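FYI, side chains are in, hydrogens and waters are out, and symmetry mates aren't considered; it's all heavy atoms of this structure. None of these values were measured; they are calculated from a predicted model.
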Amino acid sequence: MAHSGWEGMLHGHHKKEVIRIERESVIPVLKPHLIMTLTNLIKHSADRVEFLKLCKRIEYTIRAWYLLQFEDMMQIYSLFDPVSGAKKLEQQKISNEEVDVLEQNFLAYLFEVMKKSNFKIATQEEIDIALSGQYLLNLPITVNESKLDKVLLKKYFQTHPQDNLPDFHDKYIIFRRGIGIEQTTDFFIMEKVDMLIARFWSYVLRITRLEKLFYGRSKGSGTKNPKKEDELESEDYQDDVYERIRLEKLPLRIGSLLNKNTIQEPTFDRIIVVYRPASTKSKQERGIYVKHFKNIPMADMEIVLPEKKNPGLTPMDWVKFLGSAIVGLAAVGSSLDVDKADLRVIGAILSTVIGYFVKTYFTFQQNLVQYQNLITQSMYDKQLDSGKGTLLHLCDDVIQQEVKEVIISFFILMEQGKANRQDLDKWCEELIKEEFGESCNFDVDDAVQKLEKLGIVTKVDSLPK
């Protein structure tokens with residue numbers, strides 16, 4: 001596809017599972033480092049002084065552009081802050097109709113700030129690809145949709161329609177920006193035992209021809225990409241490729257149980273979740289939750305979902321229970337039909353079935369503890385902020401990105417003298433790569449628009465030869 005988001009695929013000849021992600025427009029360089037590096041590239045000291053002055057003027061002007069817009073957004077949000085918003089609404093005695101208008105105005109401000117800060121709404125396809133793998137979270141997590149409001153976001157998207165929205169867009173929205181890599185090295189003994197038993201179980205089902213009857217699809221089974229590899233390779237995408245190393249893809253043997261393994265998962269550098277809890281008979285909920293997370297593994301992104309249900313045994317676990325019981329009873333029954341039933345064989349079969357039951361139960365308990373630890377970590381280590389703090393961060397982030405775009409594009413024009421949009425785009429991306437070792441899809445149209453608004457560049461119909 002050209003190019004809605006991501007495409008995950010498995011390179012069989014390299015034995016590597018990779019996720020292709022469209023390169024983002026965010027400039028991943030700190031502004032002070034950017035300015036000082038570009039300043040040092042200027043030959044004459046007088047020009048360096050003037051360049052630093054211009055950088056300050058650019059930032060002051062861009063801050064002034066957004067000041068009133070940000071203030072309006074923050075004042076409106078004070079009415080929908082989950083902590084103190086209800087009290088302010090009651091004090092100001094605003095009618096329900098006026099509150100409905102104000103909350104839609106706030107969402108319009110919020111989505112515009114998200115766009116300017118280079119956050120994107122995660123599509124259903126992107127989420128499916130992210131969750132097609134398994135990392136540290138081994139339990140299926142679902143959202144209790146009855147506890148989420150279904151009116152606020154639905155009304156917004158009715159008046160602001162967008163393509164490729166996720167299935168749950170009327171209940172909550174996930175914004176994502178930036179990609180990183182997380183690695184975990186451990187023995188993973190229980191996970192390896194579980195995988196070896198699962199592979200043996202799959203083998204038993206296959207030779208007994210019960211595979212179709214008991215086949216179940218778990219989270220880690222993955223999703224097939226509709227595009228072929230040669231089609232992906234033939235298209236000129238400006239993508240970044242990130243490798244996913246999963247434990248279930250590694251070659252395992254009994255002797256490797258005590259060896260350490262390293263697994264790897266691409267991460268969302270930033271995730272922002274927006275939702276509203278459902279109203280009750282006794283209380284109409286008006287609070288809007290805006291939660292900000294960092295470094296969330298793609299395969300474990302369920303940990304940031306709102307109103308999660310308590311996990312239980314997976315459908316595959318129940319299939320394993322029932323399947324093992326059927327196979328075990330069938331084996332015992334066939335043994336009893338023999339004239340001289342071998343009690344040792346019957347005992348071995350029963351002990352294997354009972355052992356598998358016990359193993360499945362304790363695996364679930366271990367996964368539950370790990371899930372609770374991940375939730376605790378997401379709340380204390382990975383949650384950056386929420387509510388007003390997130391909005392303030394976003395406002396500053398918009399200004400930082402806008403300033404960096406203008407400074408980089410002006411520096412290139414200052415060095416080159418003139419350029420068309422295509423060359424300017426290419427040179428800006430090359431500068432970021434060569435001087436800072438970072439890649440981004442530079443938003444040249446937005447940068448030129450701001451340069452023209454600042455009055456420091458002039459657009460002509462064609463460049464003289």
Side-chain angles (χ1 to χ4, degrees), residues 5-10 16-24 26 28 119-143 166 168 172-188 190-192 194-195 218-223 225 239-250 260-273 291-306 308-309 311 314 363 366-385:
W6 316 343
E7 303 203 4
M9 62 182 181
L10 184 64
K16 289 184 180 180
E17 185 179 8
V18 300
I19 295 179
R20 302 177 67 98
I21 303 174
E22 184 180 14
R23 190 166 297 165
E24 298 183 333
V26 61
F119 276 89
K120 295 181 180 179
I121 296 176
T123 66
Q124 189 64 47
E125 179 193 16
E126 294 169 353
I127 292 171
D128 288 343
I129 292 174
L131 298 183
S132 65
Q134 184 172 295
Y135 186 55
L136 298 179
L137 183 60
N138 300 311
L139 291 174
I141 307 302
T142 57
V143 174
F168 50 78
Y172 59 96
I173 282 292
I174 298 174
F175 292 90
R176 53 93 179 171
R177 192 190 76 183
I179 305 296
I181 288 290
E182 180 176 304
Q183 292 183 334
T184 300
T185 301
D186 205 342
F187 291 102
F188 301 110
M190 291 299 295
E191 289 84 352
K192 292 176 183 176
D194 184 45
M195 286 175 54
S218 64
K219 174 187 168 184
S221 60
T223 56
N225 195 287
D239 291 353
D240 291 322
V241 177
Y242 298 86
E243 185 180 0
R244 167 183 271 173
I245 302 175
R246 295 191 277 163
L247 196 63
E248 55 264 39
K249 295 293 183 179
L250 299 177
K260 280 191 174 183
N261 293 93
T262 298
I263 57 176
Q264 176 176 292
E265 179 69 15
T267 64
F268 296 102
D269 185 55
R270 294 291 184 268
I271 278 185
I272 292 179
V273 183
K291 295 191 175 181
H292 192 185
F293 301 88
K294 66 175 181 177
N295 302 328
I296 301 297
M298 289 183 183
D300 293 347
M301 68 174 295
E302 300 104 317
I303 61 178
V304 306
L305 298 180
K308 294 179 285 292
K309 293 181 181 179
T314 68
T363 297
Q366 183 196 31
N367 290 338
L368 185 60
V369 171
Q370 193 170 31
Y371 162 74
Q372 293 169 343
N373 290 336
L374 284 172
I375 295 298
T376 302
Q377 184 184 24
S378 71
M379 293 300 295
Y380 289 97
D381 296 340
K382 293 184 178 291
Q383 183 168 336
L384 289 175
D385 216 327

| said: Within this structure, what is the CD1-CZ distance for the pair I296 and F268, rounded to the nearest 0.5 Å? | reply: 9.5 Å
| Are the side chains of P28 and D269 in touch, meaning some heavy atoms are under 4.5 Å apart? | no
| message | Quick test of your reading of the model: are R176 and E126 salt-bridged, counting only N-O distances below 4.0 Å? | response | yes
| T142: side-chain hydrogen bond (donor to acceptor under 3.5 Å, both in side chains) partners, not counting sequence neighbours | none
| How many angstroms lie between atom CD1 of I271 and atom CG of L384, to the nearest 0.5 angstrom? | 11.0 Å
| note | For R270, the side-chain hydrogen bond (donor to acceptor under 3.5 Å, both in side chains) test, sequence neighbours excluded, returns none
| field | Matching residue for R244 among M298, K16, Q134 - test: side chain to side chain contact (heavy atoms under 4.5 Å, CB included) | value | M298
| request: Using side-chain hydrogen bond (donor to acceptor under 3.5 Å, both in side chains) as the criterion, list what pairs up with N261, not counting sequence neighbours. | output: K192
| Heavy-atom distance under 4.5 Å between the side chains of L136 and P297, does that happen here? | no
| said: Any heavy-atom pair between the side chains of M301 and L131 that's under 4.5 Å? | reply: yes
| Can you name the residues that form a side-chain contact (heavy atoms from CB on, under 4.5 Å) with I181, not counting sequence neighbours? | Q183, Y242, Q264, P266
| said: I need the D385 CG to F293 CZ distance, nearest 0.5 Å. | reply: 11.0 Å
| said: Tell me whether K260 forms a cation-pi arrangement with F187, defined as NZ or CZ under 6.0 Å from the six-membered ring centre and within 45 degrees of its axis. | reply: yes
| Has the side chain of K308 got a donor or acceptor atom that lies under 3.5 Å from a matching backbone atom of I303? | yes
| query | From Q124 CD over to F168 CZ, what is the distance, rounded to the nearest 0.5 angstrom? | reply | 6.0 Å
| query | Any side-chain heavy-atom pair from T184 and Y135 closer than 4.5 angstrom? | reply | yes
| Roughly how far, to the nearest 0.5 Å, is CD1 of I19 from CG of D240? | 12.5 Å
| If you round to the nearest 0.5 Å, how far is NZ of K291 from CG of L305? | 11.5 Å
| Crowded around K120 NZ? As in, over 12 foreign heavy atoms under 6.0 Å? | yes
| message | Between the side chains of E17 and R246, is the shortest nitrogen-to-carboxylate-oxygen separation below 4.0 Å, so that they form an ion pair? | response | yes
| query | Which heavy atom in T262 sits nearest to a heavy atom in I245, and how many Å separate them? | reply | O-CG2, 3.7 Å
| message | Contact between T185 and I263 at the side-chain level, heavy atoms closer than 4.5 Å - yes or no? | response | no
| request: List the steps and the verdict of salt bridge (charged side-chain N to carboxylate O under 4.0 Å, His left out) for E182 and K382. | output: CA-CA 13 Å; E182 180 176 304; K382 293 184 178 291; 3.6 Å; yes
